[in-house]
2 protein chains.
Amino acid sequence: MTSTPRRGRPPKGERQLSREAIVEATLKVIDADGVGAVSMRAVGRVLGADAKSLYNHVAGKDALLDAVAEELLGGITLPDLTGGTRADLLAIAAAFRERALAHPEAASLVLTRQLASLEGLAPVEAVLSVLRDAGCPPDQSVHLLRAFVATLIGTLLREVSAGPTYGTTDTAGIAQRQSILENSGLPAVAAAAHHLARFDGATEYEFAISLALDALAARLADQR
Amino acid sequence: MTSTPRRGRPPKGERQLSREAIVEATLKVIDADGVGAVSMRAVGRVLGADAKSLYNHVAGKDALLDAVAEELLGGITLPDLTGGTRADLLAIAAAFRERALAHPEAASLVLTRQLASLEGLAPVEAVLSVLRDAGCPPDQSVHLLRAFVATLIGTLLREVSAGPTYGTTDTAGIAQRQSILENSGLPAVAAAAHHLARFDGATEYEFAISLALDALAARLADQR
DNA sequence: ACCTGAACACCGTTCAAGT
DNA sequence: ACCTGAACACCGTTCAAGT
């Protein structure tokens with residue numbers, strides 16, 4: 001009288017698997033428990049399906065993580081461009097950051113993986129077209145794009161990995177870090193301990209991006 | 001007549017395990033096959049010991065990877081400071097890069113992990129002391145340090161993950177990428193396809209760092 | 001003090017067997 | 001066309017049993 005285990009494709013309207021649903025389920029796992037918690041079995045569990053069934057829709061775990069990264073990158077809603085170079089680049093960067101902070105656990109995937117697809121090219125197009133409209137030649141634009149993206153990625157990686165508690169909330173932790181730094185024996189570190197022990201993502205983001213855009217503007221001015 | 005399996009601690013001068021040897025062996029695994037190939041069993045194999053023995057010297061796999069990151073960070077040989085702000089920051093960044101490129105497969109560990117130890121504080125001290133000597137107040141120094149490091153990390157992450165073949169060697173790959181970009185339907189991307197399809201780590205590094213240092217110098221000048 | 005056997009609860013992935 | 005059972009070669013980690 002035990003329930004006889006089924007085999008083969010389920011008979012009726014049991015939910016069909018799809019690549020899209022699988023990617024979505026994976027993102028759910030990541031949001032809940034981090035990238036490290038992703039396994040074919042865990043994703044299958046979310047969908048009520050066997051892990052092996054996923055292989056009918058994705059090539060494997062690595063390809064699945066790539067797909068999640070592409071989904072995130074492709075889901076960025078780019079701003080309408082106004083023609084103001086600085087304002088437009090600021091807005092593009094903000095769109096990037098917004099997406100990263102919406103899925104902080106997944107952000108490292110986008111920031112870290114080498115993506116080959118065309119999906120993620122829209123932000124690149126946006127930045128390059130702003131630079132082109134600013135009168136920047138293509139070779140210079142590509143250099144500036146890469147430097148700008150590097151700063152953006154480095155800044156966001158730090159922000160998402162620092163977590164929200166690093167800053168204002170955890171006063172005990174701040175005090176402890178500060179005293180460690182003060183007693184580090186390193187004079188410049190000790191002198192800056194108060195500031196090193198604190199971190200506010202939004203402030204650091206604005207500082208770094210603003211700095212990068214200043215540098216970029218200076219190069220564009222040189223150009224002319 | 002089969003060899004009887006030993007149990008308990010081996011009787012004599014069989015190599016002792018040590019935290020240091022374990023970290024070194026892990027780095028060997030990473031250099032050979034990447035971070036993904038690290039497992040307690042694989043590291044044990046390198047040392048001729050059982051994976052479980054490692055737990056007598058490190059808390060677990062995650063702590064082991066942290067230790068590798070700290071070893072890399074701590075092993076950076078910092079330049080003697082000359083008093084020239086730009087030259088000194090350039091030299092510090094170069095030391096960072098040199099270490100990253102010496103272990104490209106391991107670099108993401110250092111660039112990505114949140115390190116809590118004091119080992120990695122020497123580069124921070126170096127940068128902060130250069131900024132202090134340039135007359136920059138501590139709060140501003142910390143912002144500039146973080147922005148500078150973000151650019152450095154973003155740039156190096158790209159360089160190590162791009163691999164050496166992206167640039168000059170793989171002419172077929174370059175041509176293919178270029179034609180994909182030209183046919184992407186994105187006008188600015190298509191216009192810059194020739195440059196987007198190519199990547200030279202050293203050139204991009206110099207461009208990005210130089211840009212960051214220009215921006216930093218401008219801020220220091222404002223200050224006064 | 002330190003190493004290992006046995007053991008547990010996991011992995012990713014292949015492939016044939018099913019519907 | 002798509003799902004699963006059986007199977008394989010892996011994982012990290014605990015703990016008691018040994019020397």
Side-chain angles (χ1 to χ4, degrees), chain A residues 2-30 32-69 105 109 113, chain B residues 2-30 32-69 105 109 113:
Chain A
T2 56
S3 71
T4 87
R6 287 164 298 132
R7 209 184 190 186
R9 179 197 245 207
K12 258 304 179 56
E14 312 224 349
R15 253 156 48 297
Q16 270 269 84
L17 245 30
S18 74
R19 184 183 165 87
E20 194 181 302
I22 291 170
V23 169
E24 191 193 344
T26 307
L27 193 49
K28 213 173 287 185
V29 172
I30 295 174
D33 297 312
V35 184
V38 173
S39 74
M40 303 302 271
R41 284 162 164 93
V43 173
R45 212 143 41 219
V46 170
L47 296 165
D50 192 286
K52 298 183 256 44
S53 304
L54 306 183
Y55 288 84
N56 289 300
H57 301 93
V58 296
K61 184 181 175 179
D62 214 60
L64 176 52
L65 291 177
D66 275 342
V68 172
E105 296 285 349
L109 239 44
R113 299 207 149 219
Chain B
T2 57
S3 71
T4 88
R6 286 164 297 132
R7 208 186 191 185
R9 179 199 246 204
K12 256 309 177 56
E14 312 225 349
R15 252 159 45 300
Q16 270 267 84
L17 245 32
S18 75
R19 185 183 165 87
E20 194 181 304
I22 290 170
V23 170
E24 190 194 344
T26 307
L27 192 50
K28 214 173 287 187
V29 171
I30 296 174
D33 297 312
V35 183
V38 172
S39 75
M40 301 305 269
R41 284 162 163 93
V43 172
R45 212 144 41 220
V46 170
L47 296 164
D50 192 286
K52 297 184 256 47
S53 303
L54 306 183
Y55 287 85
N56 289 300
H57 301 92
V58 296
K61 182 180 175 177
D62 214 59
L64 176 53
L65 292 177
D66 276 341
V68 172
E105 296 285 349
L109 239 44
R113 300 207 146 218

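Labels below follow one simple rule: chain letters A, B, ... track the order of the sequence lines, proteins then strands, and each chain is numbered from 1. Basis for what follows: all heavy atoms, side chains included, without hydrogens, waters or symmetry-related copies.
The CD atom of A/Gln16 sits 10.0 Å away from the CG atom of A/Asn56 when rounded to the nearest 0.5 Å. Distance check: B/Met40 CE to B/Leu64 CG gives 6.0 Å after rounding to the nearest 0.5 Å.
For A/Asp50, the listed nucleotide lying nearest its side chain is D/dT4; candidates were D/dC3, C/dT4, D/dT4. The A/Ser53 side chain lies nearest to D/dC3 when the options are D/dC3, C/dC11, C/dT4.
For B/Ile22 and C/dC2, the CD1 to P distance is 11 Å, given to the nearest whole Å. Look at CG on B/Leu54: it is 16 Å from C1' on C/dA1, rounded to the nearest Å. Between the CG atom of B/Asp33 and the P atom of D/dC10 there is a distance of 14 Å, given to the nearest Å. Residue B/Leu17 contributes atom CG, which lies 20 Å from atom P of D/dT19 at whole-angstrom precision. In this entry the distance linking CG of B/Leu65 with C1' of D/dG12 reads 12 Å, nearest Å.
Residues B/Val38 and B/Val68 form no side-chain contact, since every pair of their non-hydrogen atoms from C-beta on lies 4.5 Å or further apart. Under the 4.5 Å side-chain criterion, counting only non-hydrogen atoms from C-beta, B/Val35 is not in contact with B/Val29.
Listed by first and then second residue, the salt bridge (charged side-chain N to carboxylate O under 4.0 Å, His left out) pairs involving residues 53-69 of chain A are A/Asp62-A/Arg113, A/Asp66-A/Arg113 (not counting sequence neighbours).
Residue A/Gln16 places no side-chain N or O under 4.0 Å from the OP1 or OP2 atom of D/dA1.
With sequence neighbours excluded, no residue forms a salt bridge (charged side-chain N to carboxylate O under 4.0 Å, His left out) with B/Asp33. Not a single salt bridge (charged side-chain N to carboxylate O under 4.0 Å, His left out) links A/Lys28 to another residue, sequence neighbours left out.
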What would the secondary structure line of DNA chain D be in dot-bracket form, counting Watson-Crick and G-U wobble pairs under 3.5 Å, with [ ] for pairs that cross earlier ones and | for pairs with another strand?
||.|||||...|||||.||
Restricting to nitrogen or oxygen on both sides, can you table the protein-nucleotides 13-15 of chain C pairs closer than 3.5 Å?
{"unit_1": "C/dT13", "atom_1": "OP2", "unit_2": "A/Tyr55", "atom_2": "OH", "d": "2.7"}
{"unit_1": "C/dT13", "atom_1": "OP2", "unit_2": "A/Lys61", "atom_2": "N", "d": "2.9"}
{"unit_1": "C/dT13", "atom_1": "O5'", "unit_2": "A/Tyr55", "atom_2": "OH", "d": "3.2"}

For residues 17-27 of chain A, run the donor-acceptor check on the side chains, cut-off 3.5 Å, and write out each pair with its distance to 0.1 Å, sequence neighbours left out.
{"unit_1": "A/Ser18", "atom_1": "OG", "unit_2": "A/Ala21", "atom_2": "N", "d": "3.0"}
{"unit_1": "A/Thr26", "atom_1": "OG1", "unit_2": "A/Ile22", "atom_2": "O", "d": "2.7"}

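Across A/Ala37 and A/Ala42, no two heavy atoms sit closer than the pair O-CB, 3.8 Å.
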